[in-house]
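First the structure, in the form of structure tokens, and then the observations on it.
Each ligand, and each atom within it, is numbered from 1 in the order the structure gives.
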Amino acid sequence: MKKYAFVLISALCLLLAGCGARSDASAARSRTVFAMDTVMNLTVYGGNEDTLRVAEEELHRLDDALARTREGSDVYTLNHSGSVRSIDAARLFARADEIAAATDGAFDVTIAPVLALWGFGENADGQHVPDAGAIAEALRYVGREHVSRGSDGVEVRLDLPAQVDFGGIAKGYAAMQLSNIFSSTITGAVLDLGGDVCVIGKKPDGADWRIAVKDPADGERFLGVLEASDICVMTSGVYERYFEENGVRYHHIIDPRTGWPADNGIVSATVICRDGIWADALATALCVLGAESAETLRQSLAETMPFDYILVTDGNAVRYTCAGFTPEKTGPYSYEQVS
Ligand code: ADP
Ligand code: MG
């Protein structure tokens with residue numbers, strides 16, 4: 001479980017506490033859910049007794065459907081039999097395919113065989129540096145061309161032994177599903193899915209939400225605060241899951257071009273985007289791409305899927321493009337806004 005999640009949750013609580021006087025219409029309902037291997041905190045304004053129960057059920061349903069090694073899950077069935085009829089897998093793959101195309105394969109859900117070799121993900125076979133031949137063999141099955149969708153929009157097919165892993169996109173999808181469930185029944189919500197946050201609507205007093213962005217170097221601190229509404233703020237970091245071998249750290253974000261953990265000078269990438277699925281995937285992709293390509297990608301998607309980022313690079317320099325972001329000036333960072 002991620003140590004930073006708790007810090008962010010407590011910070012969010014502090015920030016939300018400043019919401020002002022609450023009438024019944026603006027009363028908050030909160031629920032903590034453990035799903036997708038993380039602690040999630042849901043807060044909704046408006047809604048009724050059932051709102052959070054239905055949301056929690058949806059999170060558990062998605063967890064069950066998408067768990068790669070849970071026998072009987074949609075993804076398990078796909079990876080073992082080569083096909084599955086699953087509306088969630090079909091939707092996720094459709095989005096993953098667009099994102100793989102946009103990022104030139106930096107984000108690719110067919111990275112699963114390589115993740116498994118390194119021992120990342122569920123049911124991993126011990127964490128170790130694989131030999132070069134095994135990586136080269138696994139990379140043969142990585143690529144969007146190994147997955148196809150049936151014309152009915154429900155069937156997904158896979159060229160075995162290719163495998164998929166939706167770990168880099170599942171929380172974003174969950175946030176979008178919850179947002180659909182809530183749509184007309186609430187006035188606002190904060191969905192904190194283990195440190196990845198989506199805010200819906202505005203605060204009860206009509207102001208934007210304030211979202212603390214965590215500091216990858218120090219769990220007690222924040223890089224700064226972001227003010228926004230109807231937005232997702234998702235972070236991927238090379239510090240989140242890793243193992244050490246002979247004094248070297250190997251982390252869980254894999255560069256599909258090499259089969260090795262991404263090594264582009266990015267410590268963490270926070271992406272700010274209206275679409276939670278893209279925010280989640282792009283955070284992972286920017287770790288693979290590095291700072292320069294991140295900026296190129298941002299500009300190329302400016303019309304179709306606008307997003308901003310806050311990158312922490314080696315040496316603790318921070319580059320950000322987000323106008324609503326106020327950096328914590330006391331940190332040991334140099335800030336550079338990219339125009
Ligand atoms: P989390 O927040 O759960 O750590 P991230 O959003 O940071 O997840 O994404 C990391 C996860 O994405 C990895 O654990 C793995 O399941 C998957 N992954 C790793 N590298 C890639 C990649 N290049 N493309 C797609 N998914 C990846
Ligand atoms: Mg991600």
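Below 30°, between 30° and 60°, or above 60°: for Tyr320 and Phe325 the angle between ring planes is above 60°, a perpendicular geometry. The aromatic rings of Trp209 and Tyr45 sit tilted relative to each other, their planes meeting at an angle between 30° and 60°.
In terms of polar-atom proximity, Phe107 is not counted as a contact of ligand 1, lacking any N or O under 3.5 Å from an N or O of the ligand. Checked by distance only, ligand 1 and Arg241 come closer than 3.5 Å through their nitrogen or oxygen atoms. Where the criterion is an N or O separation shorter than 3.5 Å, residue side chain and backbone included, His252 meets it with respect to ligand 1. The N/O atoms of Ala106, backbone and side chain alike, include one that comes under 3.5 Å of an N/O atom in ligand 1. Considering backbone and side-chain N/O of Gly168, one or more are found under 3.5 Å from N/O of ligand 1.
Of all atoms in ligand 1, numbered sequentially from 1 with element shown, those under 4.0 Å from a heavy atom of Pro256 are 23 (N). Residue-ligand proximity, Asp165 to ligand 1, at heavy-atom distances under 4.0 Å covers atoms 16 (O). Contact atoms of ligand 1 toward Ser236: 5 (P), 6 (O), 7 (O) (distance under 4.0 Å to a heavy atom of the residue). Of all atoms in ligand 1, numbered sequentially from 1 with element shown, those under 4.0 Å from a heavy atom of Ile253 are 19 (C), 20 (N). Distances below 4.0 Å separate heavy atoms of Asp280 from the following atoms of ligand 1: 6 (O).
A donor-acceptor distance shorter than 3.5 angstrom exists from the side chain of Asp280 to the backbone of Gly172, with no hydrogens or angles considered.
Ligand 1 is never approached by Ala283 to a heavy-atom distance shorter than 4.0 Å. Under a 4.0 Å heavy-atom criterion, Met234 is not in contact with ligand 1.
Taken as a pair, Cys273 and Cys232 fail the criterion of an SG-SG distance shorter than 2.5 angstrom.
For the residue pair Arg70 and Tyr76, no side-chain donor N or O sits within less than 3.5 Å of a side-chain acceptor on the partner. A donor-acceptor contact under 3.5 angstrom links the side chains of Thr32 and Asn41, judged on distance only. In the model, Asp88 has no side-chain atom that pairs as donor or acceptor with a side-chain atom of Ser86 under 3.5 Å. Side chain to side chain, Tyr141 and Asp159 fail the donor-acceptor criterion of an N or O pair below 3.5 Å.
Heavy atoms of Asp108 found under 4.0 angstrom from ligand 1 belong exclusively to the backbone. Here Met36 has no heavy atoms under 4.0 Å from ligand 1, in either its backbone or its side chain. Only side-chain heavy atoms of Leu115 come within less than 4.0 Å of ligand 1; its backbone N, CA, C and O stay farther off.
Aromatic ring centroids of Trp278 and Phe307 lie 6.0 Å or more apart.
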